[in-house]
Amino acid sequence: MKFGGTSVGDPDRIERVARHVAAAKAQGFKVCVTVSAMAGETNRLVELTERLGGGDVSRDPDYDAVVASGEQVTAGLLALHLRHKGHAARSFQGWQAGLRTDEAHGAARIAHLPQDHLMASMERGEIAVVAGFQGATKDGRISTLGRGGSDTTAVALAAALGAARCDIYTDVDGVYTTDPRMVPNAKRKPMLAYEEMLEMASVGAKVLQTRSVGLAMTYGVPVRVLSSLGEPEETGDGTLITSEEAMMEHEVVTAVVPSRGEAKISLLGVPDTPGRSAMIFRLLADAGVNVDMIVQSAARQNTQANMSFTLSEKDLHRAQEKLTLMKDAIGFDNIDFNQNVAKVSVIGIGMKSHAGVAAKMFEILAERSINIENISTSEIKISVLIEADYTELAVRALHEGFGLSGTPG
Ligand code: ADP
Ligand code: ASP
Ligand code: MG
């Protein structure tokens, strides 16, 4: 069982989390719980590291030493409260549970996860409460798994322990056809295929960390997304994320996913010779900048090309700086950037065997006079880049147009 930040956001909510855990125990399960920091705590800690570390220090081991502390607090508090209520329980920090990661501080990957300590605790009849988001490197330094990383802790623990299921409790009662905070008539999906959830997470639906879904798919861990905001007996079925084979039918489009916080860089007049793209993207990769939606088009002169790509808004400044420094070496004429962009994606496993989804998507946007700047696709996803001001309009129109809306209220 995993409980996110809102679910452990105050003492009353931690008490309710304990009731959820006790209810699972009463059903006869051996329970391992992982918790996030209290809502807002990780942001507060990140801001402190920026203030005192002189900017973005998210790759520094001492950044991890600071931001991992939020989860240590909630794990301890939940174990204390469970015992106060008469249940055997103990807390584990990531390293105490044996969660070892690589050295990529701030976004570390899990390298090893021995289950012995946790199993032993659960065999003794205890509820094992593990601090999410954190582990340790082989040198014994504290590491963290990237924002939203408690989801990944939860799935990794479920896989290592051979759990029947991984239940992710959050502040919505399942995964919806789009962000329910943006579109009130969005519908909860009773089931989703791993692949669909993976695409949804990777294009920006923050309900689960992308890596947690990848892990669940690799190890075949069934994941349920549920709400912790009601009492245990009020908990509905949530959303079950499982293998494609386990699903009866596939809709063509299952979800519309908005993503803000995007930016676009265009390089104009790049010499059209082998090796230029390699230079540009090596430079960005070495600077730790992730790029997406790459488009290259012929410029007016056929010895030149224009190149544009999207990236996270927070990396824009760094990318721009690096590219400007290398302007002559790369040989482009001009660099342009735009922060006022957003990505909107439609996702559905049924797209694999269904033509015309792109045409329909573009028609729906055209009817609202929304201009498409970049496009990218995968087998089960189409993403477009549009002006940020039109995000909500586009999401609502696509949600309606692909028949995902519930009965209008
Ligand atoms: P937690 O703190 O429990 O990890 P998150 O804030 O990371 O919770 O994720 C839950 C949030 O994800 C919801 O409050 C919701 O606004 C957002 N969200 C975005 N897209 C979706 C979606 N398609 N279905 C459900 N929730 C979504
Ligand atoms: N507390 C961490 C974060 O806010 C990890 C998590 O909640 O999953 O990113
Ligand atoms: Mg989260």
Side-chain angles (χ1 to χ4, degrees), residues 1-9 13 17 20 34-47 49 58 63-64 66-75 94 106-108 130-135 143-157 166-190 192 196-213 223-229 238-239 241 253-261 343-348 391-392 395 398-399 404:
M1 303 173 83
K2 178 257 177 178
F3 295 88
T6 317
S7 306
V8 294
R13 288 188 169 169
V17 163
H20 280 279
T34 184
V35 285
S36 291
M38 294 167 92
E41 178 64 5
T42 309
N43 286 344
R44 186 182 75 87
L45 295 167
V46 169
E47 278 163 27
T49 65
S58 61
Y63 164 91
D64 281 344
V66 175
V67 300
S69 65
E71 272 73 8
Q72 178 173 343
V73 171
T74 43
V130 183
F133 182 49
Q134 44 157 282
S143 51
T144 62
L145 308 178
R147 297 308 305 270
S150 295
D151 296 329
T152 300
T153 304
V155 174
L157 291 174
C166 179
D167 285 348
I168 307 257
Y169 285 83
T170 181
D171 57 4
V172 276
D173 65 352
V175 181
Y176 278 69
T177 47
T178 192
D179 189 340
R181 294 187 203 287
M182 186 178 283
V183 181
N185 67 359
K187 279 190 300 190
R188 178 176 57 84
K189 302 293 297 181
L192 275 173
E196 289 173 312
M197 191 65 233
L198 192 63
E199 287 278 15
M200 285 177 71
S202 70
V203 297
K206 72 165 187 164
V207 56
L208 290 177
Q209 196 193 35
T210 308
R211 278 160 58 190
S212 71
V213 188
V223 173
R224 278 200 314 178
V225 176
L226 305 153
S227 168
S228 74
L229 300 185
T239 298
I241 300 158
V253 169
T254 46
V256 180
V257 183
S259 170
R260 292 214 169 96
K343 183 169 66 179
V344 176
S345 311
V346 300
I347 286 147
T391 314
E392 286 205 32
V395 170
L398 292 166
H399 193 259
L404 298 176

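One-based numbering, in listed order, for ligands and for the atoms of each. Quantities reported herein were computed from a predicted structural model and do not represent experimental measurements.
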Task: Protein residue, atom and distance nearest to atom 13 (C) of ligand 1, heavy-atom basis - done: Asp171 OD1, 3.4 Å
Open item on the list: Once you measure the plane-to-plane angle for His20 and Phe3, does it fall in the parallel (<30°), tilted (30-60°) or perpendicular (>60°) bin?
Closed with: tilted
Open item on the list: Does any N or O of ligand 2 fall below 3.5 Å from an N or O anywhere on Gly148, backbone included?
Closed with: yes
Task: Whether Gly70 lies under 4.0 Å from ligand 2, heavy atom - done: no
- [ ] May I ask you to check whether Pro180 has an N/O atom sitting below 3.5 Å from an N/O atom of ligand 1?
- [x] no
Open item on the list: Tell me whether Thr254 contacts the main-chain N or O of Ile347 through its side chain, where contact means a donor paired with an acceptor under 3.5 Å.
Closed with: yes
Open item on the list: Looking only at protein heavy atoms, which one is nearest to atom 9 (O) of ligand 1, and what is the separation?
Closed with: Val207 CA, 3.6 Å
- [ ] Consider every N or O of Ser7 and every N or O of ligand 1, then say whether any pair is closer than 3.5 Å.
- [x] no
Task: Within-4.5 Å side-chain heavy-atom neighbours: Leu404 and Thr178 - done: no
TODO: Could you list the atoms of ligand 1 found under 4.0 angstrom from a heavy atom of Met200?
DONE: 23 (N)
Open item on the list: With side-chain contact (heavy atoms from CB on, under 4.5 Å) as the test, pick out the partner of Val223 among Val155, Asp167, Leu192, Val175.
Closed with: Val155
Task: Asp151 N/O to ligand 2 N/O under 3.5 Å - done: no
Open item on the list: By the definition side-chain hydrogen bond (donor to acceptor under 3.5 Å, both in side chains), identify the one residue from His399, Lys187, Lys189 that meets it with Thr177.
Closed with: His399
- [ ] For the residue pair Thr153 and Lys2, establish whether any side-chain heavy-atom pair is separated by less than 4.5 Å.
- [x] no
Open item on the list: Considering Asp179, Thr254, Thr178, Val257 one by one, which has a heavy atom nearer to atom 18 (N) of ligand 1 than any of the others?
Closed with: Asp179
- [ ] Give a yes/no verdict on whether any heavy atom in Lys2 is under 4.0 Å from an atom of ligand 1.
- [x] yes
TODO: Would you mind reporting whether Leu226 and Ile168 have side-chain heavy atoms less than 4.5 Å apart?
DONE: no
Open item on the list: Between ligand 2 and Gly4, can you find any atom pair, the residue atom being a heavy atom, that is separated by under 4.0 Å?
Closed with: no
Task: Any N/O pair Asp151/ligand 1 closer than 3.5 Å - done: no
Open item on the list: To check your reading of the model: name the closest protein heavy atom to atom 3 (O) of ligand 1, its residue, and the distance in Å.
Closed with: Thr170 OG1, 2.7 Å
Task: Gly174: numbered ligand 1 atoms lying under 4.0 Å from its heavy atoms - done: 25 (C)
Open item on the list: Counting non-hydrogen protein atoms only, what is the nearest one to atom 14 (O) of ligand 1? Give residue, atom name and distance.
Closed with: Arg181 NH2, 2.6 Å
Open item on the list: Looking only at side-chain N and O atoms, does Asp171 offer a donor or acceptor that is under 3.5 Å from a partner on Thr6?
Closed with: yes
- [ ] Could you tell me whether some N/O pair between Thr177 and ligand 1 is separated by less than 3.5 angstrom?
- [x] no
Open item on the list: Strictly distance-based, threshold 3.5 Å: is any side-chain N or O of Thr34 a donor or acceptor partner for the main-chain N or O of Val130?
Closed with: yes
Task: N or O pair under 3.5 Å between Ser36 and ligand 2 - done: yes
- [ ] Identify, for atom 2 (O) of ligand 1, the protein heavy atom at the shortest distance, and state residue, atom and that distance.
- [x] Gly5 N, 3.1 Å
Open item on the list: Closer than 4.0 Å to some heavy atom of Arg147 - which atoms of ligand 2 meet that?
Closed with: 3 (C), 4 (O), 9 (O)
Open item on the list: Between Ser143 and Asp64, do the side chains contain a donor N or O and an acceptor N or O under 3.5 Å apart?
Closed with: no
- [ ] Answer with side chain, backbone, both or neither: which part of Val172 has a heavy atom less than 4.0 angstrom from an atom of ligand 1?
- [x] side chain
Task: Per-atom contacts of ligand 1 with Tyr176, taking only distances under 4.0 Å to non-hydrogen atoms - done: 22 (C), 23 (N), 24 (N), 25 (C)
Open item on the list: Tell me whether Glu41 is salt-bridged to Arg44, with the criterion being a basic N under 4.0 Å from an acidic carboxylate O.
Closed with: yes
Task: Residue, atom name and distance, where the atom is the protein heavy atom closest to atom 7 (O) of ligand 1 - done: Lys206 O, 3.5 Å
Open item on the list: Could you check whether any side-chain N or O of Glu71 sits under 3.5 Å from a backbone N or O of Val35, counting only pairs where one atom can act as donor and the other as acceptor?
Closed with: no
TODO: Check whether any heavy atom of Glu41 sits under 4.0 Å from an atom of ligand 2.
DONE: no
Task: Closest non-hydrogen atom pair between Val395 and Pro258, with its separation - done: CG2-CB, 3.6 Å
TODO: Please lay out, stage by stage, how Tyr63 and Leu45 fare under the test side-chain contact (heavy atoms from CB on, under 4.5 Å).
DONE: CA-CA 9 Å; Tyr63 164 91; Leu45 295 167; over 6 Å; no
